[in-house]
Enquirer: 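Sharing a structure below in structure tokens format, with a few things to ask.
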Protein chains: 2
Amino acid sequence: MSKPSKPKGAAPIIKPKKSKPAPTPKAQLGPEDWARAALAAIQRDGVQAVAVEPLAKILGVTKGSFYWHFTHRDALLAAALRLWEQEQSDDIVTRFQAIADPRRRLRIMMFAAFEDQENGLLHAALASSSEDERVQPTLRRVTETRMRFGIESFRSLGLGDEEALRRALFTYSAYAGYFLLLRAIPESVRDVSDLSAYVRYLANALLPEDLKGDHSPKSKPGLKSVAQSRK
Amino acid sequence: MSKPSKPKGAAPIIKPKKSKPAPTPKAQLGPEDWARAALAAIQRDGVQAVAVEPLAKILGVTKGSFYWHFTHRDALLAAALRLWEQEQSDDIVTRFQAIADPRRRLRIMMFAAFEDQENGLLHAALASSSEDERVQPTLRRVTETRMRFGIESFRSLGLGDEEALRRALFTYSAYAGYFLLLRAIPESVRDVSDLSAYVRYLANALLPEDLKGDHSPKSKPGLKSVAQSRK
DNA sequence: CTGTGTCAATACGGTTGCGTATTGTCATCC
DNA sequence: GGATGACAATACGCAACCGTATTGACACAG
């Protein structure tokens, strides 16, 4: 009967500061630890690897304690997806929305997206599990947010709706495909040693110089040669 | 959720067995029926859906008869992968190797690849299951074959090794990513009504006019607006 | 010291899918 | 018309997970 119902209900006038986590640095596990472990499992073996007992083994506990933090397995998956989605959103909002010039914004976004291999591989893993109806909504929201952002940026460049949509889809396909391949057959991708040249190629194909915006040639972002995926 | 039509309910209907005596048209199931069903299951729900009992239910039999055709579950998966790989190889060899001009060959290959949605989605499903070590070898072989073919074609265009590799990877990423997105979030891709314009975009980005080879402008393949994937 | 809240371990029952064993049903061959 | 070969059904045992129930360990508050 000891359900994890919030016992702070009645009248939280006083704030017993030390009735919770501060003194214990990392001794016990919390829901977020499970969610992060779930994300790691997804990146490694796909959504189906989000299983309670194996994860418990990884975390060094038994599943008995899992059901203290979550009601059921799907709640863990939902928490992991929420965590991922939020980090993605934070990312895109805080880092790129501020850049006024759409041309610069797109270029920087492209480089940043390909630079972050960790996140790219996680995206590939989640997109690879799209047959799972539990990930689909989150995946769709994230995809649509990014696509909308890309479409808007391309439209700000002076392109028509059709063309903006086409280029946004093109960009996103190249992104998703690159990391899908990197995840599936890293050997075939590893040979491309100069990833920045690869992305520059993508940017130049989609952002021709004759459109508008500044003419920053190449050495623009603080991004160097980002390549290798040595493990 | 179309339930398998099992006519052996309350009605004492005798099994409508084909009374065809001589050539045994299609009354009974063979290994290839199972392999094709497995491929269909992969395309729908990923490699993990290649499970004996569910497939038996779909095929209208019980797993008892499965083990007549295959020694174990993995043998079925192997057969399905072999079938896929062979069809892929046949495809690429018979259809494109004959085209002498690399420029034309690449262009036609691009259009053909994007035109064949069925195969593209199947490829996406298999690439999405790359965490499964049983599909990895097949997937790697197919990928490397295609990549090699692409690299060679680009090199024939007069490009250096690095550049050829880069463009081949670019092309293949765009292909894989497009179908990954189409599989994962068809709504976001469906809006691009003019797929041929999309592919033409890809081709023009990677096959600039000023290189070499013939100058066949545009009205090449009989590919029009191929988009939506209504199921 | 005792109570309570928080996390963890153990044990149990249920479901799904694998693989095996055994038996059944035809169609065909002799 | 029996034997055989090709397929199919049923029934088991086994393992992986899910979810529940119960109890244990331990920190801190009163």
Side-chain angles (χ1 to χ4, degrees), chain A residues 1-10 12-35 37-38 41 45-78 132 134, chain B residues 4 6-9 12-34 37-38 41 45-78 132 134:
Chain A
M1 287 42 163
S2 53
K3 276 293 169 192
S5 48
K6 286 294 178 191
K8 328 194 144 217
I13 303 177
I14 39 174
K15 210 86 181 288
K17 191 76 173 190
K18 42 190 191 164
S19 65
K20 254 218 71 175
T24 42
K26 209 57 202 163
Q28 314 260 93
L29 295 172
E32 198 177 315
D33 299 278
W34 284 90
D45 297 315
V47 167
Q48 62 142 357
V50 180
V52 178
E53 277 153 321
L55 280 185
K57 189 160 290 186
I58 289 175
L59 288 174
V61 295
T62 58
K63 67 175 178 170
S65 86
F66 166 82
Y67 287 95
W68 169 251
H69 305 290
F70 297 94
T71 62
H72 46 244
R73 181 205 133 133
D74 281 14
L76 169 60
L77 181 54
D132 194 311
R134 291 163 303 187
Chain B
K6 267 210 168 163
K8 59 187 288 197
I13 302 177
I14 316 291
K15 276 252 191 98
K17 267 306 198 240
K18 289 303 163 72
S19 49
K20 271 296 199 263
T24 313
K26 210 59 199 163
Q28 314 258 92
L29 296 172
E32 198 177 315
D33 300 277
W34 284 91
D45 297 315
V47 166
Q48 62 142 358
V50 180
V52 177
E53 276 155 323
L55 280 185
K57 191 159 286 187
I58 289 175
L59 289 173
V61 296
T62 57
K63 66 175 179 170
S65 86
F66 166 82
Y67 285 94
W68 205 94
H69 304 291
F70 298 93
T71 62
H72 46 245
R73 180 203 137 145
D74 281 13
L76 169 60
L77 181 53
D132 194 311
R134 291 164 303 188

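Remember, predicted model here, so these are calculated numbers, not experimental data. Order of the sequence lines sets the chain letters (A, B, ...), proteins ahead of strands, with each chain counted from 1.
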Enquirer: In whole Å, what is the span from the CZ atom of A/R73 to the P atom of C/dT15?
Expert: 18 Å

Enquirer: Does C/dA8 have OP1 or OP2 sitting under 4.0 Å from an N or O in the side chain of A/S65?
Expert: yes

Enquirer: Kindly point out which of D/dG19, C/dG19, D/dA9 is positioned nearest to the side chain of B/V61?
Expert: D/dA9

Enquirer: Is the phosphate of D/dA9, meaning OP1 or OP2, less than 4.0 Å from a side-chain N or O of B/T62?
Expert: yes

Enquirer: Could you state the atom-to-atom distance from CG of A/D45 to C1' of D/dC17 in whole Å?
Expert: 16 Å

Enquirer: So does A/W68 get a side-chain nitrogen or oxygen closer than 4.0 Å to the phosphate oxygens (OP1/OP2) of C/dT6?
Expert: no

Enquirer: Does B/H69 have a side-chain nitrogen or oxygen under 4.0 Å from the phosphate oxygens OP1 or OP2 of D/dA8?
Expert: yes

Enquirer: Considering only heavy atoms from C-beta outward, does the side chain of A/L76 approach that of A/F66 to under 4.5 Å?
Expert: yes

Enquirer: In chain order, what residues pass the side-chain contact (heavy atoms from CB on, under 4.5 Å) check against A/P31, with sequence neighbours excluded?
Expert: A/H69, A/F70

Enquirer: Rounded to the Å, how far apart are A/H72 NE2 and D/dC17 P?
Expert: 19 Å

Enquirer: To the nearest Å, give me how far apart NZ (A/K57) and C1' (D/dA15) are.
Expert: 12 Å

Enquirer: What's the CZ-C1' distance between A/F66 and D/dC18, to the nearest Å?
Expert: 10 Å

Enquirer: Locate the shortest heavy-atom distance separating B/D33 from B/G30; write the atom from each residue and the value.
Expert: OD2-N, 2.7 Å

Enquirer: Which residue, B/K63 or A/P54, contacts DNA chain D at a nucleotide closer to its 5' end, judged by nearest heavy atom?
Expert: B/K63

Enquirer: Nearest-nucleotide wise, let me know which of B/W34 and B/E53 is further upstream toward the 5' end of DNA chain D.
Expert: B/W34

Enquirer: Which heavy atom of B/A49 sits nearest a heavy atom of B/A41, and at what distance?
Expert: CB-O, 3.9 Å

Enquirer: Please report, rounded to the nearest Å, how far the C1' atom of D/dA6 is from the CG atom of B/D33.
Expert: 14 Å

Enquirer: Take atom CD of B/Q48 and atom C1' of D/dA16, then tell me their distance rounded to the nearest Å.
Expert: 14 Å

Enquirer: May I have the distance from B/Y67 (atom OH) to C/dT22 (atom P), rounded to whole angstrom?
Expert: 17 Å

Enquirer: Do A/V52 and A/Y67 come close enough that some side-chain heavy atom pair is under 4.5 Å?
Expert: yes

